[in-house]
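To start, the structure itself, in structure tokens.
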Amino acid sequence: MQAPQARLHPCRAGIRARIHRLLQCYHTAQALKDYRLYCINRGGKVLIFASTTTPPSTIHEPYIHGIQIALSTGERGEINPSLGLLSILQVEKTLPWKHYVVVNSQAAQLFLYGRDVFSSSILELQLDTKCKRYPMVVMSPEKDLLGYGKPVRHNGELLIRNILDAGWYLRSGV
Amino acid sequence: MDIDATPHHDDALTLALTGLSKAYQSLTQNRHLIAKANQLKHRYQWLHIHQALRYLALLGDEAEQFLQVSEKEVMKTIRVNTLKTDKSTLRGRLEKKGFTIEQHPYIDYGLVVKKAPYSIGATPEYLTGLYTIQGPASMLAVPALEPLNKSALIIDMCSGVGVKTTQISQHEPRTPIIALDINRRKLAALKNNTSRLGAANITAYHMDARKLAELITHQKASHILLDAPCSGEGLIPYPKGKWPRSFDDIISRVMLQYQLVKAAVEALKPKGVLVYSTCTISVEENEYVLTQFTKRGLLQPDKPPIKGGSDGVTNYLSLELDQRLRWACRRFFPHRHRTEGFTICRLRKPGYTPAEQG
């Protein structure tokens with residue numbers, strides 16, 4: 001098996017196929033049609049970027065190229081979507097049709113503070129059991145894409161566990 | 001400060017700094033001005049006597065008005081992220097939440113936040129990238145680059161956390177933008193901002209922008225934004241802006257700015273556009289630095305397509321200043337324009353190619 005490249009490079013077919021499967025789960029595969037995928041290995045993970053341009057021809061390695069849309073981790077290269085993917089979906093005005101949950105305004109605000117969502121706050125739920133390995137997209141009533149969550153059973157009730165929310169941009173400390 | 005020991009030894013720079021030092025020396029011999037400066041310093045304890053002299057030389061009786069402006073008097077503004085939403089939709093959403101919003105006086109996609117029931121930086125709209133917080137004058141640097149086009153290569157030489165870089169992306173979302181910054185922590189924040197705002201055409205490098213020529217060896221830029229590190233005197237209305245700046249502080253900034261402009265000139269294609277901006281009102285760091293290039297024909301002043309502000313300053317101390325910078329620069333003052341202090345200048349590299357030069 002070829003060693004993962006530390007330099008920025010076009011993502012290989014395997015990663016592109018896994019990203020495509022992820023997007024299909026949200027029914028948003030067309031959203032990235034004008035973007036190219038680039039990968040870079042950092043700290044044992046593969047960072048996957050989507051960009052509308054090709055990287056400039058330079059001798060220096062870029063810090064970023066485009067928007068990070070996912071991470072590939074572990075031996076099997078599991079794909080973990082990033083907040084940047086949601087940003088691109090908003091730019092492309094492509095909302096998920098599947099595998100998403102819409103929460104009420106109060107829950108949306110709490111979700112952005114890193115909290116989970118109780119079933120009483122759910123306005124709409126479209127779960128695709130074939131996409132269990134991927135988190136659901138969490139949306140506000142205004143259809144802002146707030147982050148990702150996973151449905152779990154907690155004390156007999158449905159709970160959307162906060163996996164990653166846009167409040168991270170403030171909490172990240174940078 | 002030992003001017004002869006400047007790094008990257010450059011005769012033009014040495015001459016410029018010598019001229020500056022002489023001008024400062026004359027200033028310290030002006031007894032009338034010194035008396036007034038001491039009065040100012042007595043009222044504003046944090047002020048350096050050198051600063052007081054310079055502000056009196058630049059602004060005269062307005063100097064105190066400039067120093068008196070508080071943070072509350074400067075417009076608080078946000079930039080609508082037109083990649084994701086439009087101005088009226090965003091305004092409607094914020095007003096529904098109790099914010100009082102007005103139109104920015106100088107730029108279409110800017111909004112002024114008059115009243116905020118809670119922090120404007122903590123709304124879902126901010127976190128999901130529908131807008132970003134940006135100073136009212138700072139927002140005008142990117143429009144000064146226009147017209148941009150799809151065949152451009154645009155470079156943001158000192159991108160910091162990417163506020164202006166992402167603004168360029170709003171203007172041209174499919175044109176390559178190169179962003180540089182010497183500070184890795186700021187690049188981490190730039191990565192977050194490009195993600196939050198959906199700016200997908202930015203390639204960022206961790207490097208010293210003075211070495212730009214090493215980075216782009218096969219092509220030249222059509223547009224460069226150089227938002228240069230500066231003394232930050234435009235931020236004096238804010239608590240973080242109130243610190244003393246000596247003559248040496250200004251001279252050291254001028255040295256760096258000169259080197260950055262020199263790198264920009266090398267990286268620009270013929271007829272390429274350079275927008276030079278700083279968050280300072282200091283003539284030394286703006287018109288004086290740029291005069292070192294315009295007087296040698298390395299850059300030509302160009303009129304920036306932006307509204308508002310005052311003309312560039314071309315008469316200050318005894319410094320040699322290119323008179324054309326009067327219309328090539330726009331200056332914003334807290335006490336005149338209710339913005340942070342800011343200077344934006346537009347220039348072009350001459351249009352002849354090396355072959356034409358002969």
Side-chain angles (χ1 to χ4, degrees), chain A residues 8 31-32 34-38 47 49-69 82-93 103 105 108-113 138-147 165-174, chain B residues 81-85 89 93 96-97 118-119 121-130 153 155 159 161-162 169 172-181 184-207 211-212 214-219 221:
Chain A
L8 185 78
L32 290 193
D34 294 333
Y35 294 73
R36 299 179 194 97
L37 299 187
Y38 294 89
L47 279 59
F49 292 90
S51 175
T52 52
T53 59
T54 49
S57 169
T58 63
I59 56 166
H60 293 301
E61 267 304 288
Y63 181 78
I64 59 158
H65 176 66
I67 296 173
Q68 183 181 317
I69 58 165
S82 305
L83 291 170
L85 175 61
L86 300 181
S87 216
I88 289 179
L89 294 182
Q90 279 186 280
V91 168
E92 298 301 326
K93 299 185 177 20
V103 304
S105 297
Q109 192 72 52
L110 290 170
F111 184 79
L112 289 173
Y113 292 150
V138 179
M139 285 197 252
S140 70
E142 293 88 4
K143 302 294 191 279
D144 296 323
L145 306 184
L146 307 175
D165 65 87
W168 177 87
Y169 287 123
L170 282 182
R171 297 191 302 269
S172 68
V174 286
Chain B
N81 181 12
T82 52
L83 293 175
K84 289 194 179 184
T85 190
T89 303
R93 285 182 62 161
K96 213 168 152 188
K97 294 185 175 183
Y118 52 92
S119 169
T123 65
E125 289 81 2
Y126 173 82
L127 293 171
T128 56
L130 301 190
L153 169 62
I155 299 179
S159 64
V161 303
S169 186
E172 285 292 335
R174 310 271 156 160
T175 299
I177 301 169
I178 290 178
L180 311 179
D181 205 84
R184 200 171 181 91
R185 194 170 164 78
K186 287 193 177 174
L187 280 178
L190 180 146
K191 184 183 178 212
N192 283 357
N193 278 325
T194 57
S195 173
R196 184 173 64 83
L197 296 166
N201 56 332
I202 296 168
T203 308
Y205 295 86
H206 176 221
M207 63 180 283
K211 298 180 182 168
L212 177 54
E214 290 175 15
L215 181 70
I216 48 160
T217 50
H218 301 306
Q219 54 188 329

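Naming convention: chains lettered A, B, ... in sequence-line order (proteins, then strands); numbering from 1 in each chain.
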Any idea which of [options] has the most non-hydrogen atom pairs under 4.5 angstrom with chain A?
{"options": "B:Thr194, B:Leu215, B:Val161", "answer": "B:Leu215"}
{"options": "B:Asn201, B:Thr203, B:Leu197, B:Ile216", "answer": "B:Thr203"}
{"options": "B:Asn192, B:Ile202, B:Thr217", "answer": "B:Asn192"}
{"options": "B:Ala204, B:Gly198, B:Ala189, B:Ala188", "answer": "B:Ala204"}

Under 4.5 Å from any heavy atom of chain A, what part of [X] do you find: side chain, backbone, both or neither?
{"X": "B:Gln219", "result": "side chain"}
{"X": "B:Thr123", "result": "neither"}
{"X": "B:Ile178", "result": "side chain"}
{"X": "B:Ala199", "result": "backbone"}

* So do the side chains of A:Thr53 and B:Thr175 get within less than 4.5 Å of each other, counting heavy atoms only? ->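 No. Closest side-chain heavy atoms not under 4.5 Å.
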
* side-chain hydrogen bond (donor to acceptor under 3.5 Å, both in side chains) with B:Arg93: which residues, sequence neighbours excluded? ->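 Per chain and number, B:Arg93 pairs via side-chain hydrogen bond (donor to acceptor under 3.5 Å, both in side chains) with A:Asp144, B:Glu125.
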
* Test side-chain hydrogen bond (donor to acceptor under 3.5 Å, both in side chains) applied to A:Tyr38 - qualifying residues, sequence neighbours left out ->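 Not a single residue meets the side-chain hydrogen bond (donor to acceptor under 3.5 Å, both in side chains) criterion with A:Tyr38.
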
* **For A:Ile88, the option from A:Leu145, A:Ile69, A:Asp34 that meets side chain to side chain contact (heavy atoms under 4.5 Å, CB included)** =>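 Answer to the side chain to side chain contact (heavy atoms under 4.5 Å, CB included) test with A:Ile88 among A:Leu145, A:Ile69, A:Asp34: A:Ile69.
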
* Asked: Do B:Lys84 and B:Thr128 get their side chains close enough for a donor-acceptor pair, meaning under 3.5 Å?
  ->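 Note: B:Lys84 and B:Thr128 side chains miss the donor-acceptor criterion.
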
* Give a yes-or-no answer on whether the side chains of A:Thr58 and B:Tyr205 include a donor-acceptor pair shorter than 3.5 Å. =>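 Yes.
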
Between [X] and chain B, with a heavy-atom cut-off of 4.5 Å, which part of the residue counts as in contact: side chain, backbone, both or neither?
{"X": "A:Ala50", "value": "backbone"}
{"X": "A:Tyr35", "value": "side chain"}
{"X": "A:Thr54", "value": "neither"}

* Asked: What residue, out of A:Gly84, A:Ser82, A:Pro62, has the most heavy-atom pairs lying under 4.5 Å from chain B?
  ->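 Heavy-atom pair counts peak at A:Pro62.
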
* Asked: For B:Arg185, does the CZ atom sit with more than 12 other heavy atoms under 6.0 Å from it, leaving out its own atoms?
  ->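 No, not enclosed.
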
* Backbone N or O of B:Gly129 within a donor-acceptor pair of the A:Ser87 side chain at under 3.5 Å? ->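 Absent.
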
